[in-house]
Amino acid sequence: MPRADFYLIDKPRFREQPLLLVCELAKRAFAADLPTLVLVRDMAQAEALDDLLWSFDPDEYLPHQIAGMDEDEDEAPVLIAAPESDPAPRPLLINLRDDAPAGAFDRVLEVVPADPAARGPLRERWKHYQSLGFDLKKYDM
């Protein structure tokens, strides 16, 4: 059964830098050998996440790249996709966009902003995943 996990930003370090939570989730996926696709809102967010993935963990390099930048993107364990790119689906998807992702995947991770006013689209996605028969879980981070 496909699964959707909602991660609610709670800790101060994630409130200040929400993309740090995305880095942590990508790091866990890499450790579990799960190819991961990160759907970002725009190229600016893709570049910010790319920069952060280089520097967030001084002891470990997390292999990643932005879709459409290199020919060997299928080899990258973590692929960052802006809306204008159309990469192949992967087993794990981290969604930072307002819309629910289309396509087939085993598991989707949703990052929920700390600001309650920004949570409207996430409630809609929760209902959408529920209607598709996903197993839903919520975590406070």
Using every non-hydrogen atom in the two residues, find where Val40 and Ala46 come nearest and quote the distance to one decimal. CG2-CB, 3.7 Å

Has the side chain of Arg90 got a donor or acceptor atom that lies under 3.5 Å from a matching backbone atom of Val38? no

So with a 6.0 Å cut-off around CG of Asp86, is the heavy-atom count from everything else above 12? no

From Leu20 CG over to Lys27 NZ, what is the distance, rounded to the nearest 0.5 angstrom? 11.0 Å

Does a side-chain heavy-atom distance below 4.5 Å link Glu124 with Asp98? no

Would you call Phe30 and Glu60 a side-chain contact if the rule is heavy atoms closer than 4.5 Å? yes

ring-ring contact (aromatic ring centres under 6.0 Å, His included): which pairs involve residues 69-101, sequence neighbours left out? none

Specify the closest pair of heavy atoms between Pro83 and Arg41, including all atoms of both residues, with the distance to one decimal. CG-O, 3.1 Å

With clusters defined by side-chain heavy atoms of hydrophobic residues (ILVMFWY) lying less than 4.5 Å apart, directly or transitively, does Leu53 cluster with Met141? yes

Crowding at CD, Glu71 (>12 non-hydrogen neighbours, <6.0 Å): no

So, are Arg13 and Glu24 salt-bridged, with charged N and O less than 4.0 Å apart? yes

Rest of the hydrophobic cluster containing Trp54 (Ile/Leu/Val/Met/Phe/Trp/Tyr, side-chain heavy atoms under 4.5 Å)? Tyr61

Pairwise side-chain contact, Asp74 with Pro87, heavy-atom cut-off 4.5 Å (strictly under): no

For residues Leu21 and Phe6: do they belong to one hydrophobic cluster (side chain heavy atoms under 4.5 Å, members Ile, Leu, Val, Met, Phe, Trp, Tyr)? no

Is there a path of hydrophobic side-chain contacts, each under 4.5 Å between heavy atoms of I, L, V, M, F, W or Y residues, that connects Leu62 with Ile80? yes

Lys137 atom NZ, over 12 foreign heavy atoms within 6.0 Å: yes

Measuring only between side-chain heavy atoms, which start at C-beta, is Leu96 closer than 4.5 Å to Leu19? yes

Are Phe14 and Phe56 grouped together when hydrophobic residues (ILVMFWY) are joined by side-chain heavy atoms under 4.5 angstrom apart? yes

So, do Leu79 and Gln65 sit near enough that their side-chain heavy atoms are less than 4.5 Å apart? yes

Taken to the nearest 0.5 Å, the spacing of Phe134 CZ from Arg3 CZ works out to 11.5 Å

Min side-chain heavy-atom separation Pro2-Leu132 under 4.5 Å: no

Met43 and Ile66, any side-chain heavy atoms less than 4.5 Å apart: yes

Are there more than 12 heavy atoms of other residues, nucleotides or ligands under 6.0 Å from atom CG of Asp33? no

Find out if a path of hydrophobic residues (ILVMFWY) with successive side-chain heavy-atom gaps under 4.5 Å connects Val112 to Leu39. yes

Are the side chains of Ile94 and Thr36 in contact, using a 4.5 Å heavy-atom criterion? yes

Looking at Gln45, is its backbone amide N or carbonyl O close enough to the side chain of Asp42 to form a donor-acceptor pair, meaning the two atoms are under 3.5 Å apart? yes

Nearest heavy-atom approach of Ser85 to Ala67 is OG-CB, 3.7 Å

Table please: side-chain donor-acceptor pairs of residues 103-111 below 3.5 Å, with sequence neighbours left out.
from	atom 1	to	atom 2	distance (Å)
Arg107	NE	Asp5	OD2	2.8
Arg107	NH2	Asp5	OD2	2.5
Glu110	OE1	Arg125	NE	3.0
Glu110	OE1	Arg125	NH2	2.7
Glu110	OE2	Asn95	ND2	3.1
Glu110	OE2	Arg125	NE	2.9
Glu110	OE2	Tyr129	OH	2.6

Any idea which heavy atoms bring Lys138 and Leu8 closest together, and the distance? CG-CD1, 3.2 Å

Can you confirm whether more than 12 heavy atoms, excluding those of Asp10, are under 6.0 Å from its CG atom? yes

Arg119 to Ile9 - nearest heavy-atom pair and separation: NH2-O, 4.3 Å

